[in-house]
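The structure under discussion appears below in the form of structure tokens.
Residue numbers begin at 1 in each chain, while the letters A, B, ... track the order of the sequences.
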There are 2 protein chains.
Amino acid sequence: MDDDASPRWLDDEQMRSWLRLQAVIGLLPALLDQQLRHDADLTHFEYLTLAMLSQADDRSLRMSDLARRTNATLPRLSHVARRLEDRGFLRRGPAPDDGRVTVATLTEAGWHKVVASAPGHARTVLENVYDDLDRDDLHAFTRVLDTVLAHVDPHDSFGLRTGRP
Amino acid sequence: MDDDASPRWLDDEQMRSWLRLQAVIGLLPALLDQQLRHDADLTHFEYLTLAMLSQADDRSLRMSDLARRTNATLPRLSHVARRLEDRGFLRRGPAPDDGRVTVATLTEAGWHKVVASAPGHARTVLENVYDDLDRDDLHAFTRVLDTVLAHVDPHDSFGLRTGRP
DNA sequence: GCGGTATAGTTGTCGCGTCAACCAATGCGG
DNA sequence: CCGCATTGGTTGACGCGACAACTATACCGC
């Protein structure tokens, strides 16, 4: 199956690191999801959707832009948007200038929901990831993530790597 | 909802890092899944299951142990094991000493499947994560992951933090 | 301004994972 | 030994996300 002529393997240090990375990738999202479900009755992705809207101009975004910022496919976002709309957290309407476009707008209830949920979410992130990292750790970590991102997100879909100092 | 009295927030550096970590967590698993699905017709989790069995004594493990090593719930593993058994990659049978226990054993076909898929998987991991990290990056990365793991995996379910040098 | 193509979203179907209910075997207190 | 709780696994129902098919609007050449 498309085997390389000279199959390489991870050395001991890389394997040690890889096992840990897999554990973090497996456990951290579940933890964030749990916290938000329990405290705010929101999926992490639902929270992310509302949070992105809350930071946008007029608290509104085109579905496509929202999908890009949340790293979601358009169908996925469409489903989630319907549920969030049913719960009264956002509205969807056609764009005046382009009839194909749908713009999602955060409602007042949605805004309050984000404001109420954000601190608990931030607290979870800080406690689990950043509280025990000193500045050197933090910088090294970010630099490594940037290196990885260059491969995993070659087209810079998130717009994260453009402003590297 | 259970707000702390003094809500904290991520500073700029932490936020920069967090956005990148989220991107990696969102994109890397999808990438590994794609590669294995395409090249080996296996889910990343199916591959992990077979790989763990391949490293165990007699290429056999109790379902509970296998679940722990793959970070899966028992129901999830049970479903996957049925599919893998249907495809002839593993067998399940009762344990002689304890009638409640089921032991999963890798078949010859399953062994060959792992051997055939492993190089492509390793190659993907190396190219996307480790090839561009020098030794200092690697060590710093592992250290940070260990720090994070101490929070997200407090009970050391993976048995990764016991042997830290 | 009319056909053809590209773009933006939505809807339906299917597969996987979670949760709860369930079944089977063990161990243990009397 | 005999309830009865505990442990190990499986099964079924439901929900979310991926993929494909579909609708509708806009753009483009002529």
I want to check one thing: is the phosphate of [N], taken as OP1 and OP2, less than 4.0 Å away from some side-chain N or O of [X]?
{"X": "B:R76", "N": "C:dC16", "answer": "no"}
{"X": "A:T102", "N": "C:dG9", "answer": "no"}
{"X": "A:R100", "N": "D:dT23", "answer": "no"}

How is A:R83 classified with respect to the nucleic acid when contacts are heavy atoms under 4.0 Å: base, sugar-phosphate, or nothing?
->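 Contact class for A:R83: sugar-phosphate only.
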Rounded to the nearest Å, what distance is computed from the [atom1] atom of residue [X] to the [atom2] atom of nucleotide [N]?
{"X": "B:L66", "N": "D:dT10", "atom1": "CG", "atom2": "C1'", "value": "15 Å"}
{"X": "B:L84", "N": "D:dT10", "atom1": "CG", "atom2": "P", "value": "13 Å"}
{"X": "A:E46", "N": "D:dC16", "atom1": "CD", "atom2": "P", "value": "7 Å"}
{"X": "B:L27", "N": "D:dG17", "atom1": "CG", "atom2": "P", "value": "16 Å"}

[X] side-chain proximity, nearest of [options]:
{"X": "A:S78", "options": "D:dT10, C:dT10, D:dA18", "value": "C:dT10"}
{"X": "A:F45", "options": "D:dG17, C:dG17, C:dG9", "value": "D:dG17"}
{"X": "A:H79", "options": "C:dT11, D:dG12, C:dA8", "value": "C:dT11"}
{"X": "A:P75", "options": "D:dG8, C:dA8, D:dC19", "value": "D:dC19"}

Under a 4.0 Å N-O cut-off, is there an ion pair linking [X] with [Y]?
{"X": "B:K113", "Y": "B:E46", "value": "no"}
{"X": "B:R82", "Y": "B:E85", "value": "no"}
{"X": "B:R87", "Y": "B:D41", "value": "yes"}

Does the B:S17 side chain pair with the main chain of B:M15, one donor and one acceptor, at a distance under 3.5 Å?
->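 Pair absent, no side-chain N/O of B:S17 close to backbone of B:M15.
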On DNA chain D, check which nucleotide each of B:R92 and A:D97 is closest to and give me the residue with the more 5' one.
->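 Its nearest nucleotide being more 5', the pick is B:R92.
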Hey, which of these two, B:L74 or A:G99, hits DNA chain D nearer its 5' end, going by closest nucleotide?
-> B:L74
Short side-chain donor-acceptor distance under 3.5 Å, B:D132 and A:H151 = yes
